[in-house]
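Report on the structure given below.
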Amino acid sequence: MIRQKLAVLVTQALASARNAGVLCSELFPDVVIGTPAQEAHGDFACNIALQLAKPERKSPRQVAESVLLHLQDTDGLIRRAEIAGPGFINFFIAPSAWQQCLPLIEQAGPAYGTTDSGAGRKAQVEFVSANPTGPLHIGHGRGAAIGDVLCRLLAATGWQVTREFYYNDAGAQISNLALSVQARCLGIETDDPRWPADGYQGEYIKEVATAYLAGETVVAGDQQVTASGDPDDLDAIRRFAVAALRREQDQDLQAFDVRFDHYFLESSLYSDGKVEAAVQQMIANGHTYEQEGALWLRTTDFGDDKDRVMRKTDGGYTYFVPDVAYHLDKWQRGFLRVVNEQGADHHSTITRVRAGLQALNAGIPKGWPEYVLHQMVTVMRGGEEVKISKRAGSYVTLRDLIDEVGRDATRFFFVMRRPDSQLVFDIDLAKQQSLDNPVYYIQYAHARICSIFENATEKGAVLPSIEPDAATLALLTSPEELRLIRLLGSLPGVVDEAARDFEPHKIAYYLTELAGQFHSYYNKTKVVTEEQTLTTARLYLLARIRQVLQNALALLGVSAPERM
RNA sequence: GGGCGGUUAGCUCAGCUGGAUAGAGUGUUGGCCUCCGAAGCCAAAGGUCGUUGGUUCGAAUCCAAUACCGCCCGCCA
């Protein structure tokens, strides 16, 4: 809030200096107020003089002096402003300006940190979208955590968000699933020559087969499927297996506190004729050709390195065709912004889907939809990498992870790195309830504040139930206190940036920083003292820290326990 | 061969779209509880930002090469 005010003041000073004939540029670059790395350089710094030196044909320091001369600090925001180094303008903010931030944070309540950048426009995030051919593994877990936090971040920045899960229930992998379950029903082992070529070998296939033979009923989503128990009825096996695995995935996601507004079935694109319609449109627009018995899309017209087959010689469509139809449907549903969160191993689909959408000539922007790709996850246990082999069925499932290390730690670990970077998930570290573990470090700060409030109540301290007056707030003067307020005040900017850049880890880093500053402050400063007013002021600061910890943890879907 | 991502302290990673003396956690070493939660705090040591050029007042950041690592490059999804 103070940062924006400063930007306005400097912008006004530039205009004023130009009017006075001191500066001559017609257009000024946007004023950027930065945070100096060192406290000696003030609370904020501005490099505008360095940028203007050349066009103004003056030295940076001369420009800076002109800016300062025309700066009108009517609100008494600035205690001191100075020109430093090559020409930076360093601002030292008045303590009273910092103190006045606290009531504003309180008034915003749980909404503190949110912005209205999205202005209520419609956005959609598609994530997880796992094939219903097995349990969710650790890679899906990262996608689930990142996607979920992206949704929370977009919602916090004013977007109306729809969370969607795309179900690939129509492809060859589903056939393989059905064949695998059927083989298990017939007692065929994986080393048997009759075992299906691309069959799923995991133990869970056996369980599905057993349930099928026993005639069990599963409820998944809005449908209910009862097994016929007939091992020859491949279609019945397929329906049952898909439902059974979907139920498993739903339960895992529920345990992970990840929910969806909409499940979209790939099969519906075929039954509703949307795939065929999209294909016809691409043909009509002249972007396709027949060759060697297949139908091709000229994706090279849209930046691909070679053309891609749309309709195979066997008459079936390749996987990206329904994907194009699906995204056309998203566009028609009015989502200005669509984000697809996927594993980086699917990155080659981006060009194809975007090319297909352009070939439709439907007025869809070139860069639509947007993609967030996360890199691979390596699991470490006991200092060794846990090898993952999906086909052999030996891999760490999301459920295993949640059961072993807990939901909070799992979520936090998945989003504490940039999606771009490969993630080493150290199970031993995530399990530790100690200082090594950043989740506990942050949650501990919250619990500690709650504990201090209990203590204060017992001692009969005056709790800041109403907004303290200026004289009380004026007692918050130590460097640690002002630094904490500055950090509290930066939350909205951090949230906006994390949402804009699709970088959930920025929230994790913010929380670590805030918890650290609080622990340090606590260690140095007695909160509950003999002086009543001072105690009230400090408790008020602590209440705001607690509030911001809660708000930021909520963005990650991590709990803020009162006791640990 | 082509595409995408990565390369920063012993290890795991940040680095605010080009700013001042490159940061945090962990690990190592040494300190701090008669006191609100020591699951905590403080201090020290630790770096040619993969390499080489270029752009400019200024580069970990932008550009061009190049070297490694991961993932893709199917009429699988």
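All values below come from the heavy atoms of this structure, side chains included, with hydrogens, waters and symmetry mates left out. The chains referred to below are lettered A, B, ... by the order of the sequence lines, with proteins before strands, and numbering in each begins at 1.
In this structure, A/D345 reaches the sugar-phosphate backbone alone: every heavy-atom distance under 4.0 Å involves primed, P, OP1 or OP2 atoms, never a base. Residue A/S451 is classed as a base contact, given a heavy-atom separation below 4.0 Å to a base. Using a 4.0 Å heavy-atom cutoff across all strands shown, A/V424 reaches sugar-phosphate atoms only and no base atom. In this structure, A/A45 reaches the bases: a heavy-atom distance under 4.0 Å links it to at least one base atom across the strands shown. Within the nucleic acid shown, A/N523 comes within 4.0 Å of at least one base atom, counting heavy atoms only.
Of the charged side-chain nitrogens involved, at least one lies within less than 4.0 Å of a carboxylate oxygen, so that A/D501 and A/K506 count as a salt-bridged pair. A/E39 and A/R483 are joined by a salt bridge, as a carboxylate oxygen and a charged side-chain nitrogen come within less than 4.0 angstrom of each other.
In this structure, A/F518 atom CZ and B/rA24 atom C1' are separated by 19 Å, rounded to whole Å. Between the CD1 atom of A/I350 and the P atom of B/rA77 there is a distance of 18 Å, given to the nearest Å. With rounding to whole Å, A/R308 atom CZ is found 13 Å from B/rC76 atom P. Separating the NE2 atom of A/H446 from the P atom of B/rC36 is a distance of 21 Å, rounded to the nearest angstrom. Distance CD (A/E454) to P (B/rC36): 14 Å, rounded to an integer number of Å. Per the geometry, CG belonging to A/L429 stands 15 Å off P belonging to B/rG25, to the nearest Å. Atom CZ in A/F88 sits about 10 Å away from atom C1' in B/rG18, given to the nearest Å. A/D30 places its CG atom 12 Å from the P atom of B/rU17, with the value rounded to the nearest Å.
Taking the centre and axis of the six-membered ring of A/Y167, the NZ or CZ atom of A/R246 falls inside the cone set by 45° and 6.0 Å.
Base orientation for B/rC63: anti, the chi torsion being more than 90° from 0.
Heavy-atom distances to RNA chain B give each of A/D305 and A/D501 a nearest nucleotide, and the one nearer the 5′ end belongs to A/D305.
Remark: the A/T313 side chain and the B/rC75 base include a donor-acceptor N/O pair separated by less than 3.5 Å.
Of the nucleotides present, B/rC4 is the one that pairs with B/rG70 by Watson-Crick or G-U wobble criteria, both distances under 3.5 Å. B/rG23 is paired with B/rC13 under the Watson-Crick or G-U wobble criterion, all donor-acceptor distances under 3.5 Å.
Put simply, A/Y441 does not rest on the base of B/rA39: the two rings are not both less than 5.5 Å apart at their centres and under 30° in tilt. By the 5.5 Å and 30° criteria, A/H41 is stacked with the base of B/rA20.
No more than 12 heavy atoms of other residues, nucleotides or ligands sit less than 6.0 Å from atom CD of A/E531.
Here A/T349 contributes atom OG1 and A/R354 contributes atom CZ; the two are 9.5 Å apart, rounded to the nearest 0.5 Å.
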